[in-house]
Amino acid sequence: MKFISWNIDSINAALTGTSVRAGETREVLKKIAAMKPDVIAIQETKLSKNGPTKKHLMILQELFPNYEVAWRSSVEPARKGYAGTMYLYLAQYEPKVTYPKINAPEPMDDEGRIITLEFPDFYVTEVYTPNSGNGLKRLDERQTWDDCYRDYLRELDQQKPVIASGDFNVAHEEIDLAHPATNHHSAGFTDEERTHFSKLLAAGFTDSFRHLHPDEKGVYSWWAQRVITSKQNNSGWRIDYWLVSDRLADKITEAGMIDSGERRDHTPIILEIDL
């Protein structure tokens with residue numbers, strides 16, 4: 001099966017925007033569609049609490065015929081039009097869709113950060129992990145989130161193997177970002193966040209990319225959008241992951257990044273696995 005995950009940074013802008021960046025985003029969506037994945041996970045949809053509009057759904061149907069849509073948006077008391085997640089999956093599969101709450105610090109459970117698809121023999125789940133914020137003002141809550149999320153994945157894993165993707169907002173090791181020396185106190189590369197990601201892997205999960213490419217350098221999934229030269233200089237971070245239950249690791253056949261051209265911010269990531 002083929003899985004793709006992407007933090008798209010606004011599904012509305014991607015589908016209806018008129019900027020150069022919106023055009024770049026649509027080209028990436030077309031590229032994803034041509035790859036014919038079984039499941040597409042999308043983070044940071046930034047939709048209203050009512051989800052995709054009729055126009056959004058029409059455009060998605062044109063781009064991805066034969067796919068069903070599942071979505072989850074931020075709802076009060078969380079900020080409006082914030083975070084949010086979505087799945088597109090081939091209609092033939094008919095998975096059970098759930099929208100879990102993990103007892104995270106308020107209002108994180110209301111920010112639409114997790115969707116899970118239950119298939120007969122495995123789970124597929126996506127996450128948009130809260131950023132620790134400017135000045136690390138949300139780092140304490142982020143650490144609690146990490147503990148709650150790890151417990152949730154472990155609960156799933158006790159029932160069926162798990163395939164988890166998303167924007168985890170952490171570069172795990174120094175090899176996972178271009179400039180580790182100057183970022184030890186930056187959100188996404190603090191000792192606390194890295195330690196929690198290590199705990200997540202130790203709970204029974206494998207980083208699919210590092211499983212296949214343990215020593216590969218210079219491969220990233222995010223480049224700062226506001227820094228014009230970030231991508232051409234490959235000054236990036238690898239903060240998006242496909243994780244699998246350890247017992248599935250040997251079934252991974254491909255794990256990597258999908259080229260998104262000149263578009264900065266996140267790039268889609270792919271997992272192919274024999275299930």
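By convention here, the first residue in the shown sequence is residue 1.
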Do any N or O atoms from the side chain of [X] and from the backbone of [Y] form a donor-acceptor pair under 3.5 angstrom?
X	Y	result
T229	Q232	no
Q159	E155	yes
S73	S48	yes
W6	H266	yes
E193	G188	yes
T206	S208	no
S221	D240	yes

Q: For H185 and T190, run side-chain hydrogen bond (donor to acceptor under 3.5 Å, both in side chains): C-alpha distance rounded to whole Å, both residues' side-chain angles, the deciding distance at 0.1 Å, then the answer.
A: CA-CA 5 Å; H185 300 288; T190 63; over 6 Å; no
Q. Which heavy atom of T45 sits nearest a heavy atom of T85, and at what distance?
A. OG1-N, 3.6 Å
Q.
So which atom in A178 and which in N234 form the shortest heavy-atom distance, rounded to 0.1 Å?
A. CB-O, 3.7 Å
Q) Out of Y87, Y152, Y99, which one pairs with T116 under the side chain to side chain donor-acceptor pair (under 3.5 Å) rule? A)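 The option that passes is Y152.
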Q.
Using the side chain to side chain donor-acceptor pair (under 3.5 Å) definition, which of the options R210, K217, R194 pairs with D176?
A.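 Only one of R210, K217, R194 forms a side chain to side chain donor-acceptor pair (under 3.5 Å) with D176, namely R210.
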Q | Passing option when D38 is tested against F119, Y89, Y93, Y67 for side chain to side chain contact (heavy atoms under 4.5 Å, CB included) | A |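 The side chain to side chain contact (heavy atoms under 4.5 Å, CB included) with D38 is passed solely by Y93 among F119, Y89, Y93, Y67.
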Q: For a side chain to side chain contact (heavy atoms under 4.5 Å, CB included) with I163, tell me which candidate from I252, V39, T125, L275 qualifies.
A: L275
Report yes if the side chains of [X] and [Y] come closer than 4.5 Å at any heavy-atom pair, otherwise no.
X	Y	value
Y82	R113	yes
I114	R72	yes
E262	K231	no
V162	V244	no
L243	D207	yes

**Q.** Neighbour count above 12 (heavy atom, 6.0 Å) for K80 NZ
**A.**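 Counting neighbours around NZ of K80, 12 or fewer heavy atoms of other residues, nucleotides or ligands fall under 6.0 Å, so no.
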Q: Quick one: do T129 and N169 satisfy side-chain hydrogen bond (donor to acceptor under 3.5 Å, both in side chains)? Show the steps, please.
A: CA-CA 6 Å; T129 301; N169 261 318; over 6 Å; no
(Q) Any carboxylate oxygen within less than 4.0 angstrom of a Lys/Arg side-chain nitrogen, looking at E111 and R138? (A) yes
Q: Before accepting this row, confirm whether a basic side-chain N of the pair D146/R150 lies closer than 4.0 Å to the acidic partner's carboxylate O.
A: no
Donor-acceptor side-chain pairing of [X] and [Y] below 3.5 angstrom:
X	Y	value
N7	E44	yes
D191	T195	no
R79	S74	no

**Q.** W242: ring pair (Phe, Tyr, Trp, His ring centres under 6.0 Å) partners, not counting sequence neighbours
**A.**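 With neighbours one apart ignored, the set is F3.
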Q | side-chain hydrogen bond (donor to acceptor under 3.5 Å, both in side chains) between T182 and H179, intermediate numbers included | A | CA-CA 6 Å; T182 56; H179 303 293; 5.5 Å; no
Q.
I need the full list of salt bridge (Lys or Arg N to Asp or Glu O under 4.0 Å) pairs touching residues 3-21, with sequence neighbours left out, sorted by first then second residue.
A.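 Of all non-adjacent pairs touching residues 3-21, those that pass salt bridge (Lys or Arg N to Asp or Glu O under 4.0 Å) are D9-R21, D9-K46, R21-D265.
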Q: Might you work through the ring-ring contact (aromatic ring centres under 6.0 Å, His included) test for F209 and Y241, ending with a clear yes or no?
A: CA-CA 8 Å; F209 179 79; Y241 300 83; 9.1 Å; no
(Q) Let's go through E126 and S5 carefully: what are the C-alpha distance in whole Å and the side-chain angles of both, what is the deciding distance for side-chain hydrogen bond (donor to acceptor under 3.5 Å, both in side chains) to 0.1 Å, and is it a yes or a no? (A) CA-CA 8 Å; E126 70 170 308; S5 185; 5.3 Å; no
Q: For the pair R154 and D157, evaluate salt bridge (charged side-chain N to carboxylate O under 4.0 Å, His left out) and give the outcome as yes or no after the intermediate values.
A: CA-CA 5 Å; R154 198 155 37 192; D157 189 50; over 6 Å; no
Q: Compute both the distance and the angle, then confirm whether K160 meets the cation-pi test with Y123: under 6.0 Å from the six-membered ring centre, within 45 degrees of the axis.
A: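 Because its charged atom sits under 6.0 Å from the ring centre and within 45° of the axis, K160 does stack over Y123.
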